[in-house]
Amino acid sequence: MKKIAPLFMFLLLSGCAQQTSEVTDTIPEKEIGGTTDPITPPVVIEPEVPVTPDKTPEIIPEPKPEIKPVEPIKPVVTKTDDGKLILGSEEWIWLSPANQYVRARVDSGKKISTIGVSQIQAFERDGRDWVKFNAGGDAIELPVERWLRNKTNDTRQAVVKLRAKLGELNELTEFSLTVGKGIILGGNFIKDVAVVDGQRKYVQPKAPK
């Protein structure tokens, strides 16, 4: 009886061990000290923003000014080859005793120069004919050099001497007094010292006062 009890206990323990082994085979044990794969978060791909390069403003060069050839300045011809003055159809003269520059018309067809005046009055002084007239707002008195007879209306015109400066000319010239305005330089002023170019005006510079 005593021998059977130990045998029974052995068999019982063996059965229990076999059942434990089956259970152990069914549920695998986790490896101790093993590593687990880390959880990788999903990668979010952001849309690429196109990079716009900085636009450099286009530099437009300034247009260069057109360089025109400089034409040589032609000297103003005021004299002929033989030294005579060239006068235009109009010239500035310095007229004494009016003491001012006056525009004068040049007409070589007129034998004598004329000057337009007003308030002409003839009188005698020291036994000689004198004439008083108004020119440019000034009252002027001068001796009469001679008288011109107007055949059309049987009147006479006094001829006086006035100093006229034109360019290099400084002449004491006879002028016939006429009622009106304007000055004409005639042949008596031009003869032998000047020629007339009717296509030009104010050829001669203003004479010094």
Side-chain angles (χ1 to χ4, degrees), residues 70-209:
V70 179
E71 296 182 359
I73 299 175
K74 296 181 180 180
V76 179
V77 179
T78 60
K79 287 185 178 182
T80 61
D81 294 338
D82 57 356
K84 291 182 179 180
L85 294 184
I86 298 175
L87 303 181
S89 60
E90 292 183 6
E91 294 287 348
W92 288 103
I93 65 171
W94 175 261
L95 193 62
S96 175
N99 292 326
Q100 61 181 341
Y101 289 107
V102 183
R103 184 184 291 107
R105 184 162 60 90
V106 182
D107 186 355
S108 59
K110 292 280 188 179
K111 291 183 179 181
I112 186 170
S113 302
T114 62
I115 178 172
V117 296
S118 62
Q119 302 178 8
I120 303 174
Q121 297 177 4
F123 64 97
E124 287 189 9
R125 178 178 292 173
D126 299 330
R128 185 179 178 183
D129 290 339
W130 280 65
V131 67
K132 181 179 180 180
F133 58 92
N134 190 292
D138 296 326
I140 301 172
E141 294 181 358
L142 291 173
V144 177
E145 299 296 325
R146 57 193 175 95
W147 294 92
L148 293 180
R149 179 67 62 177
N150 191 332
K151 297 179 181 180
T152 303
N153 52 16
D154 195 25
T155 58
R156 62 180 187 172
Q157 292 176 307
V159 176
V160 298
K161 283 187 177 180
L162 299 173
R163 183 163 296 280
K165 297 180 182 180
L166 197 168
E168 298 177 358
L169 298 178
N170 184 356
E171 301 289 337
L172 192 61
T173 306
E174 285 189 340
F175 283 86
S176 172
L177 300 182
T178 61
V179 178
K181 295 181 179 180
I183 296 176
I184 298 176
L185 294 178
N188 64 323
F189 183 85
I190 301 170
K191 187 178 179 180
D192 299 332
V193 295
V195 296
V196 181
D197 183 352
Q199 302 299 318
R200 301 171 66 184
K201 289 184 178 181
Y202 309 111
V203 178
Q204 297 298 322
K206 287 184 176 180
K209 300 178 181 180

**Message:** Just verifying a value: how many Å separate R146 CZ and S176 OG, rounded to the nearest 0.5 Å?
**Reply:** 8.5 Å
**Qualifying residues under side-chain contact (heavy atoms from CB on, under 4.5 Å), relative to Q204, sequence neighbours excluded** = T78, L85, L87, E91, L166
**Item:** Atom pair CG (L148) and NZ (K111), whose distance is rounded to the nearest 0.5 Å
**Value:** 11.0 Å
**D138: partners by salt bridge (charged side-chain N to carboxylate O under 4.0 Å, His left out), with sequence neighbours left out** = none
**Complete:** Hits for salt bridge (charged side-chain N to carboxylate O under 4.0 Å, His left out) against E168, two or more places apart or cross-chain, chain-then-number order -> K79
**Message:** Applying side-chain contact (heavy atoms from CB on, under 4.5 Å), can you list everything that pairs with D82, at least two apart in sequence or on another chain?
**Reply:** T80, K84
Side chains of residues 114-131: which donor-acceptor pairs under 3.5 Å do they make with residues two or more places apart or in other chains?
from	atom 1	to	atom 2	distance (Å)
R125	NH2	E141	OE1	2.8
D129	OD2	W147	NE1	3.1

**Message:** Test side chain to side chain contact (heavy atoms under 4.5 Å, CB included) on V193 and L169; report intermediate values, then the result.
**Reply:** CA-CA 8 Å; V193 295; L169 298 178; 4.1 Å; yes
**Residue K165 excluded, over 12 heavy atoms near NZ under 6.0 Å** = yes
**Message:** Minimum heavy-atom separation for G88 and V196, please, with both atom names.
**Reply:** O-CG1, 4.3 Å
**Prompt:** Looking at CG of L142 and NZ of K132, how far apart are the two atoms once the value is rounded to the nearest 0.5 Å?
**Reply:** 12.5 Å
Under 3.5 Å, sequence neighbours excluded: what are the donor-acceptor pairs made by side chains of residues 179-192?
from	atom 1	to	atom 2	distance (Å)
N188	OD1	S113	N	3.0
N188	OD1	S113	OG	3.0
N188	ND2	E174	O	3.0

**side chain to side chain donor-acceptor pair (under 3.5 Å) against Y202, all qualifying residues, sequence neighbours excluded** = E90, R103
**Message:** So, using salt bridge (charged side-chain N to carboxylate O under 4.0 Å, His left out) as the criterion, who are the partners of R105 when residues are at least two apart?
**Reply:** D107
**Message:** Could you check whether atom NZ of K201 has more than 12 heavy atoms from other residues, nucleotides or ligands sitting under 6.0 Å from it?
**Reply:** no
**Asked** So, for V160 and P143, which heavy atoms are closest and what is the spacing to 0.1 Å?
**Response** CG1-O, 3.6 Å
**Prompt:** How far does CD of Q157 sit from OG1 of T178, to the nearest 0.5 angstrom?
**Reply:** 6.5 Å
